[in-house]
Peer 1: 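Pasting a structure below so you can have a look.
As the structure lists them, so they are numbered: ligands from 1, and atoms in each ligand from 1. Just so we're clear, the structure is a prediction, and the values are computed from it rather than from any experiment.
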Amino acid sequence: MTIFVTGGAGFIGANFIFHWLAAHPGDRVVCIDKLTYAGNLSTLSSVLKNPRFHFVKADICDRDTLDRLFAGECPDAVVNFAAESHVDRSIEDPEVFLRTNVMGTAALLDACRKYETPRFHQVSTDEVYGDLPLDRPELRFTETTNLHASSPYSASKASADLLTLSYCRTFGLPATVSRCSNNYGPWQFPEKLIPLMIANALQDKPLPVYGTGKNIRDWLYVEDHCRAIDVILQKGRPGEVYNIGGNHEMENIAIVKRICRELGKPESLITYVSDRKGHDLRYAIDSGKLQRELDWMPETNFEEGIRRTIRWYLDNRPWWEEIVSGEYQGYYEKMYGNR
Ligand code: NAD
Ligand code: TYD
């Protein structure tokens, strides 16, 4: 079968492509990616020459190109990872989030409809549910929790989820949606918490913790997320939403201290900076449905996952050093310079 993976030059999409090519030796993967600041062709260098892999530089909002690609390839499935994915950037400039995350998803849905693609999968986030209070540890998001997005990023992802489910109901498009908690692992762009702290610590730079550092996220190793999407594509029911979580909640400050400890760096590098606007307090996912119905469980515990991740950033310095020495510097100065 041929599978279209959009956003495959980014963090999770690239890990998914590696997973799919290894786990499905008879399948072809076509990656469609615009190569925004977050997309990196060098991430895919190990598969670029694989005859079962094809890379297309294209914008998911470009309906003419999508038409050509769908007509030529007739994909058996489309997995949509392509997105603007960073909350802080959505607070600075929401418009591109609406364009890619909403209009881009709509363009893909229309192409799937026109070419009768047997499966569309929308990769979404637990952030569409909003946040939970810090003093109610028993509360967790289920698939029936109301959508209550806080940031322009999560609002755009919630819109894309609703559109996807509407195409399923109205047009009978066989679509599924997954909502995952925070991912970490190899190839993550160093604007996100874990790789930013690893890269800064390795350069002996301050480690900027927002607000009190007591905000909580539920962390999932990226390979477990890829396996979950695989199982949903194979066995998930169209029209359904599946939560994916790591069952591993941690305060941000504990993560940063952990990274310092692993790297042998002093905690004095930690610098508390002003809080993110509208900062979600806690995310916690109940992924019982996925476990019960599709027999999926996270396999990598945090201890092992964070060690592997830190090892990867130590072993792949040229990959992230090239990023942080480029236009990222302007971004960093703007976001953290006067914070
Ligand atoms: P990322 O920012 O690392 O990668 C996004 C990729 O999409 C990049 O390669 C970029 O070039 C591409 N892209 C952006 N706009 C595009 C467009 N208009 N057309 C084609 N390609 C475009 O993101 P990520 O962390 O890998 O996240 C992937 C998906 O998973 C996103 O949809 C995100 O909302 C979702 N998600 C992420 C997390 C997380 O912790 N990172 C958690 C849950 C869900
Ligand atoms: P992030 O990786 O941006 O993911 P998200 O906001 O989508 O959960 O941030 C994770 C948490 O870490 C979030 O509570 C914000 C916090 N954070 C910092 O304290 N400092 C930073 O420099 C960054 C990037 C994030």
Peer 1: So which bit of E127 gets within less than 4.0 Å of ligand 1, heavy atoms only: side chain, backbone, both or neither?
Peer 2: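 For E127, there is no contact with ligand 1 at all, from either part.
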
Peer 1: Is any N or O atom of V87, backbone or side chain, closer than 3.5 Å to an N or O atom of ligand 2?
Peer 2: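 No: no nitrogen or oxygen of V87 is under 3.5 Å from one in ligand 2.
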
Peer 1: For ligand 2, does E191 get within less than 4.0 Å through its side chain, its backbone, both, or neither, judged by non-hydrogen atoms?
Peer 2: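 Under 4.0 Å from ligand 2, E191 contributes backbone atoms alone.
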
Peer 1: Do any heavy atoms of Y153 fall under 4.0 Å from ligand 1?
Peer 2: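 It does; at least one heavy atom falls under 4.0 Å.
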
Peer 1: Tell me whether Y153 reaches ligand 2 (any heavy atom closer than 4.0 angstrom to a ligand atom).
Peer 2: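 Checking ligand 2 against Y153, which is what was asked, there is no heavy-atom contact under 4.0 Å.
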
Peer 1: Return the closest protein heavy atom for atom 4 (O) of ligand 2 as residue, atom name and distance.
Peer 2: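 Protein heavy atom at minimum distance: N182 ND2, 3.4 Å.
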
Peer 1: Specify side chain, backbone, both or neither for N252, according to which of its non-hydrogen atoms lie closer than 4.0 Å to ligand 2.
Peer 2: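 The part of N252 near ligand 2 is the side chain, not the backbone.
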
Peer 1: Looking at non-hydrogen atoms alone, which of M335, K192, R276 comes nearest to atom 9 (O) of ligand 2?
Peer 2: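 Shortest heavy-atom distance from atom 9 (O) of ligand 2: R276.
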
Peer 1: Show me which atoms of ligand 2 lie under 4.0 Å from any heavy atom of H279.
Peer 2: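 Near H279, meaning under 4.0 Å from one of its heavy atoms, ligand 2 has 13 (C), 14 (O), 15 (C).
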
Peer 1: Is a donor from one side chain sitting under 3.5 angstrom from an acceptor on the other, for Y129 and N243?
Peer 2: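 Short answer, yes.
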
Peer 1: Pairs of nitrogen or oxygen atoms closer than 3.5 Å, one from L196 and one from ligand 2: do any exist?
Peer 2: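 No.
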
Peer 1: Using a cut-off of 6.0 Å, state whether more than 12 heavy atoms not belonging to D315 lie near its atom CG.
Peer 2: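 It does: D315 CG has more than 12 such atoms within range.
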
Peer 1: Any heavy atom of S124 closer to ligand 1 than 4.0 angstrom?
Peer 2: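 Under 4.0 Å: yes for S124.
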
Peer 1: Before giving the answer on ring pair (Phe, Tyr, Trp, His ring centres under 6.0 Å), spell out for F302 and Y184 the whole-Å C-alpha distance, their side-chain angles and the decisive distance to 0.1 Å.
Peer 2: CA-CA 10 Å; F302 188 79; Y184 67 102; 5.2 Å; yes

Peer 1: Do R99 and ligand 1 have an N or O pair less than 3.5 Å apart?
Peer 2: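 Looking only at distances, the answer is no, because the N/O contact criterion of under 3.5 Å is not met.
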
